Every structure is written in structure tokens, then in C-alpha cells.
Amino acid sequence: MGIGRGLLQRISAPEERHRAGDVSEAILVNLTSILNTHEGDGFTCPDMGCDFVELMSRWPTSEMDVITAVQRSISRYETRLEHVQVRRINRDSPRIELEITGRIRDPAARADRVRLQTELTRSGHVNIV
């Protein structure tokens, strides 16, 4: 899956700028970026990011810490979503899979709710599927 249209692409095509799918797509791109930023690597936001590698080294005792870190990061750095909830799914799977749900604040969005599934790797990388 591609990561979406960038800012320059959207500016160069103003007639398409407010398409309903753009909000969901932009949220997906931003969440991928936010959740894969390591603590201290955010140039404009030094407190952005989470050290999932450290949290994963303590798995499974760190499960609630991981869920809290994901929810806190999304609530703080993806302001187009509200009522964000994160929960672990497929507990029988050896993979660490989370479900992220929330409501889109933009009335121009095609759908008002977002439901995403993520997979957290042992190396601390977050894949949104």
C-alpha cells in the first residue's frame, strides 16, 4: 500500500484538495509516521515518539505500557481523531496486534469513524494493516 499523496501533490491539484477520502488517508499516513518515530527523533517535537524497543524487551509485562504509549501518542499528535481507543486483539497469535479506533473530527470526511489494525514487531516497528 502506498503512503498517500504528499503536501506538494495536494497543493498542485487544488480541485482535489478536499476529497472525502483525503482525511482518512492523511490520518493513516500521519499515524504510521507518529508510531514509527523513536523517542527524541521528532525534529519539531522533541517529546514525540516512544521507545517501543525498550517496551518490547519487557513483553508481555509491558502490554499496558505499549497500549498507553500508542493511545497517548495518537491523542497528542493526531488531533483530527477524538475518542481514541487502543486494545490488543488476537491474543492467541504470536504477533502483537492492536486495534485503534476513533472518531474523525472533520465533517467533510467520508466516514466519521476510523478503525485500524496494527502489528508491532519485536524490533519496535509499527505496521498499520
Side-chain angles (χ1 to χ4, degrees):
M1 172 194 324
I3 62 169
R5 297 178 344 154
L7 175 63
L8 294 177
Q9 290 172 321
R10 293 191 311 268
I11 291 172
S12 68
E15 67 282 351
E16 297 180 24
R17 191 178 309 155
H18 257 332
R19 290 175 43 200
D22 284 350
V23 174
S24 297
E25 181 181 327
I27 289 171
L28 175 68
V29 170
N30 193 41
L31 287 179
T32 301
S33 178
I34 289 168
L35 296 176
N36 284 298
T37 298
H38 295 283
E39 192 171 24
D41 285 352
F43 296 114
T44 58
C45 302
D47 60 337
M48 180 159 80
C50 183
D51 186 3
F52 286 115
V53 175
E54 189 273 327
L55 288 173
M56 295 308 297
S57 70
R58 297 185 289 116
W59 190 266
T61 59
S62 65
E63 180 177 338
M64 283 310 299
D65 294 335
V66 169
I67 290 171
T68 300
V70 169
Q71 188 164 358
R72 185 180 311 125
S73 293
I74 293 170
S75 295
R76 187 165 190 180
Y77 295 106
E78 182 44 85
T79 57
R80 293 169 289 192
L81 286 180
E82 60 186 356
H83 306 296
V84 174
Q85 294 183 347
V86 179
R87 68 181 185 97
R88 182 161 181 217
I89 54 175
N90 297 331
R91 289 184 178 277
D92 296 332
S93 172
R95 297 180 293 169
I96 300 166
E97 299 174 78
L98 303 175
E99 178 184 68
I100 300 169
T101 58
R103 189 167 44 199
I104 299 175
R105 290 184 179 169
D106 187 343
R110 184 179 321 152
D112 65 342
R113 301 226 17 108
V114 169
R115 183 175 173 208
L116 303 166
Q117 288 186 352
T118 66
E119 180 180 316
L120 184 59
T121 66
R122 296 283 179 186
S123 66
H125 184 79
V126 178
N127 298 313
I128 298 180
V129 293

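The structure displayed is predicted, hence computed values, not measured ones.
- Annotation: side chain of E78 is in contact with side chain of R80 (closest heavy-atom distance under 4.5 Å).
- Applying the side chain to side chain contact (heavy atoms under 4.5 Å, CB included) test between N30 and each of L28, I27, I34 identifies I34 as the sole match.
- With hydrogens and angles disregarded, a donor-acceptor distance shorter than 3.5 Å links the side chain of N36 to the backbone of T32.
- The CD atom of E99 sits 11.0 Å away from atom CD1 of I67, with the distance rounded to the nearest 0.5 Å.
- Residue I74 holds its CD1 atom at 12.5 Å from OG1 of T79, rounded to the nearest 0.5 Å.
- The CD atom of Q117 sits 11.5 Å away from atom CD1 of I128, with the distance rounded to the nearest 0.5 Å.
- Tested against L31 for a side chain to side chain contact (heavy atoms under 4.5 Å, CB included), the candidates T118, L81, V70 yield a single pass: L81.
- With values rounded to the nearest 0.5 angstrom, R87 atom CZ is found 12.0 Å from I100 atom CD1.
- For Q71, the side-chain contact (heavy atoms from CB on, under 4.5 Å) partners are S75, V84, V86, not counting sequence neighbours.
- In terms of the side-chain contact (heavy atoms from CB on, under 4.5 Å) criterion, residue partners of S62 (sequence neighbours excluded) are, by chain and number, L55, R58, W59, D65, V66.
- Atoms OG1 and CD, from T68 and E63 in turn, are 10.0 Å apart once rounded to the nearest 0.5 Å.
- Within a 6.0 Å sphere centred on CD of Q85, heavy atoms belonging to other residues, nucleotides or ligands number 12 at most.
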